[in-house]
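No hydrogens, no waters, no symmetry mates; every other heavy atom, side chains included, goes into these values. Everything numeric here is computed off the predicted structure, so don't read it as measured data. Protein chains get the first letters and strands the later ones, always in sequence-line order, with residue 1 at the start of each.
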Amino acid sequence: MENSESNNAPLDFIRAEITEDIKNNINDGRVHTRFPPEPNGRLHIGHAKAFCLNFSIAEEFGGKCNLRFDDTNPVKEEQEHVDAIMEDIKWVGWDWEDRLYFASDYFQQMYDWAVQLIKDGKAYVCDLTAEETREYRGTLTKPGKLSPYHNRSVEENLDLFERMKSGEFPDGARCLKAKIDMASPNINMRDPVMYRILHASHHRSGDKWCLYPMYDWAHGLEDSIEGITHSLCSLEFENHRPLYDWFLDQLDVHHPKQREFARLNLTYTVMSKRKLLKLVDGGFVSGWDDPRMPTISGLRRRGYSPASIRNFVKKIGIAKTDSLIDLALLEHCLRDDLNETSPRVMAVINPLKVIIDNYPDGQVEELDAINNPQDPDAGTRKVPFTKELYIEQDDFMEDAPKKFFRLSVGREVRLRYAYFVTCTGIVKDANGRITEIHCTYDPATKGGDAPDGRKVKGTLHWVSAAESLKAQVRLYENLFTNETPENTENDQDFTANINPDSLKISENCFVEKSLADTKPGDRYQFERLGYFCTDPDSSKDKLVFNRTVGLRDTWVKMQKQE
RNA sequence: UGGGGUAUAGUGUAACGGCAGCACGACAGACUCUGAAUCUGUUUGUCUAGGUUCGAAUCCUAGUACCCCAGCCA
C-alpha cells in the first residue's frame with residue numbers, strides 16, 4: 001500500500017505481520033494468498049469474509065490471490081459446486097485471472113513426496129483399522145501408543161504403499177501415517193494419517209487414484225507448490241499448524257506462513273455446511289439460493305449488492321476473538337449502498353383505493369418524479385396521475401393520533417410529486433372494513449408544492465389504479481426467531497427456531513408502469529417501503545419482487561414503544 | 001482434568017508503557033416532497049485479584065470465563 005491514507009489506518013494483526021514480512025524482505029517481499037474452498041457445498045457470507053480477506057490483501061500489497069479447490073475427498077465433492085463457487089466469487093467482485101487451481105492436479109507430486117518421506121523413515125503403512133487407530137491415539141489426557149506397524153522396513157512400506165496405490169486393497173484396509181510422536185499433547189501430531197484408500201470416482205481425476213491425501217498432509221503442499229506466502233485460515237486450524245510446519249520442514253520445500261483468524265458468526269443466522277444443507281434438503285427453504293439463506297447466491301437473489309458485502313467484510317475487521325456480528329451491521333451496509341445506487345419507484349403493497357372526487361374523469365396527467373435524490377445524474381421519469389389511485393392501507397387511519405402524519409378524514413397530505421389532497425370521507429363494507437376513501441385535491445399544488453406556502457406534515461406514495469401494473473411481492477424476515485438459532489429449549493434441533501413468518505407473499509400489489517421492462521436482479525427502492533429487487537421468477541406477465549430490506553422506520557418504532 | 005487459543009461499551013473493532021477512540025445499535029434533537037437519507041448531541045467499556053512503574057488495556061504473577069482438538073472430514 002503506498003498511499004498515506006492507509007498508513008494511518010490501523011492494521012489488523014494479519015496485515016501488520018505481512019507489512020513486517022515485506023519490510024524484512026521475506027519471500028523477496030512477495031505477497032501471495034489463496035482461497036481454498038472444498039467443493040462440497042455453496043459459499044456463504046462467512047466464506048465471503050475469508051475470500052475478501054485473501055483477495056483484498058493481495059490487492060493492497062501488490063500481490064496475487066489464487067482460487068484453489070481443495071478437492072481431496074471424492075466422496076463429498078461435485079463439479080456443480082465448483083461452478084457455483086466460481087460464479088459467486090466473481091459476482092462479489094474478485095478475479096483470480098489465470099490462477100485457477102485444483103488440489104487434485106497435485107496428487108502425483110504429493111505421492112512422490114510421500115514416497116520420499118517413507119524413504120527417509122518418516123512415514124509408514126499402518127494396517128490398524130479406523131477403530132483401532134482411534135484406540136491407539138489415546139485421549140486428551142492420556143498419551144497414545146505406538147502402532148504395531150510403526151517399525152516396518154522402508155522396503156516393506158514402499159511396496160505396500162505402491163500396492164495401495166494400484167488398488168490392491170479395499171477401502172480402509174491400510175493407510176499411510178506420518179511417524180511423529182504418539183505422546184504429543186497435540187493429538188494432531190500422534191502419527192496422523194496422510195493417505196486413506198478410497199475406491200471412489202473423483203469429479204476431476206476420475207478413477208486414476210484410489211488413494212487420497214488427508215487435509216493436513218495435502219494443504220501445506222498445495223500452498224507450497226503455488227508459492228503461497230501467507231496461508232490464511234480459520235481458528236480451528238491453529239492446532240494443526242505444528243503439523244503444517246512439520247511436513248514442509250521434513251520435505252525442505254517452500255514454506256508459507258499459516259495464520260488463523262476467527263470465522264464470521266451472524267445473529268439470526270446459521271453458517272455451518274451441515275445446517276445449511278439441512279435447510280435445503282429438509283425443504284425449510286426453496287434451495288441454496290432462497291433469499292432467506294446466508295449463501296452468496298441467496299443474498300444475490302435477495303437483492304444484496306456486491307459492494308455492500310465487500311464493505312461489510314471490511315467493517316467487521318479481522319481478529320482472533322470468537323465473535324457474533326449483529327445482523328443490523330450487514331443491513332446497515334446494505335442500505336448504505338442501496339441508498340446511493342437504487343432508482344426510486346412507487347409501489348403499493350397493501351392497496352387502499354382513493355377517489356379524488358373533484359378530479360376530472362378519464363384525465364391522465366404525466367407528472368415528473370425524481371429517480372434518485374442521491375444522484376442527480378439519474379434524472380427524472382413520468383408517473384401517471386388519475387382520479388382513482390391506490391395508497392398504502394397503513395397510510396390511512398380512522399381515529400388517528402396527533403403524531404400520525406398521514407391521511408385521516410379532514411386531514412391534508414401530499415401525494416408525492418402530485419398534489420395535496422384532503423380526505424373527505426370513507427366507504428365501508430358490511431363488515432366495517434374500509435373499501436375506499438374519498439378526497440379532494442388542490443389543483444394549485446400540482447407537482448407537490450403549495451403556492452401559498454402552506455405545509456403538510458405527511459407525504460404519501462401512491463400509484464394510479466388504472467395506469468399501474470399488478471405484481472407479487474415477497475416479504476422476507478429473519479429465517480430464525482432466535483439470535484443464536486442453535487440455542488434451543490429441551491435439546492431441540494436448530495430448526496425449532498425457524499421463523500414461521502420468514503416469508504409472506506403479497507399477491508395484490510401495484511407498481512408504477514415504469515417497471516414494465518424490469519429484469520431479474522434489478523434493484524429499486526420502493527419509496528417509503530424499502531429496497532426491492534426483481535426475482536428470477538418474474539416475467540412480463542407476472543412481475544415478482546423480493547423485499548431485500550425495509551427502510552428504517554421510526555414510525556413503527558414509535559408505535560412499538562407504546 | 002493434556003494441549004492450543006481468546007478476553008476492551010449492547011455488538012464488533014482500535015490504542016503496541018503516556019488523554020480508552022471508531023463503527024453499528026439504542027436514545028434525544030435539527031432538517032426533510034421518502035417518518036428514508038443527512039446533520040448534531042447523549043449513553044454505556046479495559047474479565048478478576050495482586051504486583052512493577054511517575055504512569056498499565058498494554059509488562060509480571062495468580063486466578064476466572066469462553067472457544068478449539070481424541071474423522072481414514074476439511
Side-chain angles (χ1 to χ4, degrees), chain A residues 9-12 16 36-38 40 70 72-73 75-77 126 128-131 133-135 137-144 171-177 183-190 192-198 212 214-216 218-219 233-242 260 262 267 273 315-333 335-336 339-340 344 346 369-370 373-374 403-406 413-418 420 445 447-449 455-461 483 525-530 550-558:
Chain A
L11 297 177
D12 57 71
E38 184 191 11
N40 70 343
D70 203 5
T72 58
N73 187 347
V75 303
K76 297 166 71 176
E77 297 157 4
C126 183
L128 254 26
T129 64
E131 192 172 333
T133 292
R134 195 182 321 130
E135 285 160 15
R137 189 157 31 224
T139 69
L140 294 178
T141 50
K142 270 182 291 196
D171 289 2
R174 295 177 217 267
C175 62
L176 186 74
K177 289 177 178 173
S184 172
N186 182 342
I187 288 185
N188 297 313
M189 301 297 273
R190 320 239 263 228
V193 175
M194 295 166 64
Y195 279 97
R196 75 284 213 186
I197 300 172
L198 243 34
Y212 289 92
M214 298 289 290
Y215 170 89
D216 284 311
H219 203 86
C233 59
S234 45
L235 243 34
E236 67 268 28
F237 291 104
E238 206 156 18
N239 293 327
H240 296 247
R241 189 153 101 200
E260 311 82 12
T267 55
K273 270 178 192 166
K315 278 200 147 99
I316 57 178
I318 298 292
K320 298 189 71 161
T321 318
D322 286 309
S323 62
L324 178 63
I325 308 279
D326 197 332
L327 222 209
L329 180 58
L330 213 211
E331 294 186 337
H332 163 79
C333 294
R335 292 189 183 104
D336 197 40
N339 179 45
E340 299 296 325
R344 315 286 127 126
M346 290 196 283
I370 294 167
Q374 307 294 320
K403 287 282 188 65
F404 185 79
F405 300 150
R406 283 109 99 144
V413 298
R414 171 169 39 231
L415 295 179
R416 181 144 228 222
Y417 302 126
F420 284 15
T445 58
D449 286 303
K455 301 279 183 206
V456 286
K457 210 45 182 150
T459 299
L460 310 187
H461 63 278
E483 268 200 353
Q525 185 196 96
F526 288 0
E527 293 219 32
R528 301 209 308 135
L529 294 176
L551 256 21
R552 290 188 66 211
D553 192 336
T554 51
W555 171 241
V556 301
K557 206 178 276 182
M558 283 164 64

Does A:F404 reach a base, just sugar-phosphate, or nothing at all? Heavy atoms under 4.0 Å.
base

Considering just the side-chain nitrogens and oxygens of A:R528, establish if one lies under 4.0 Å of OP1 or OP2 belonging to B:G35.
yes

[X] has a side chain; which of [options] sits nearest to it?
{"X": "A:R196", "options": "B:A74, B:U34, B:A37", "result": "B:A74"}
{"X": "A:M214", "options": "B:C27, B:A74, B:G3", "result": "B:A74"}
{"X": "A:A319", "options": "B:G12, B:U13, B:C68", "result": "B:U13"}
{"X": "A:L140", "options": "B:C24, B:A36, B:A70", "result": "B:A70"}
{"X": "A:D553", "options": "B:G35, B:G3, B:A74", "result": "B:G35"}

What dot-bracket string describes RNA chain B from 5' to 3', counting Watson-Crick and G-U wobble pairs whose defining distances are under 3.5 Å, with [ ] for crossing pairs and | for pairs to another strand?
.((((((..((((....[..)))).(((((.......)))))....(((((..]....))))))))))).....

Can you find a donor-acceptor N/O pair under 3.5 angstrom joining the side chain of [X] to the base of [N]?
{"X": "A:R241", "N": "B:G4", "answer": "no"}
{"X": "A:N73", "N": "B:C73", "answer": "no"}
{"X": "A:N239", "N": "B:G3", "answer": "yes"}

Is there a side-chain contact between A:R344 and A:Q374, using heavy atoms and a 4.5 Å cut-off?
yes

Could you tell me how far apart A:L235 (CG) and B:G3 (P) are, to the nearest whole angstrom?
19 Å

To the nearest Å, how far apart are A:K315 NZ and B:U11 P?
20 Å

Do A:R190 side-chain atoms and A:S184 backbone N/O form a donor-acceptor pair below 3.5 Å?
yes

Test A:E236 against A:S234 for side-chain hydrogen bond (donor to acceptor under 3.5 Å, both in side chains), laying out the working first.
CA-CA 6 Å; A:E236 67 268 28; A:S234 45; 3.2 Å; yes

For A:Y215 and B:A74, say yes or no: do the ring centres fall under 5.5 Å of each other while the ring planes differ by less than 30°?
no

Syn/anti state of B:G71 by chi, 90° boundary around 0
syn

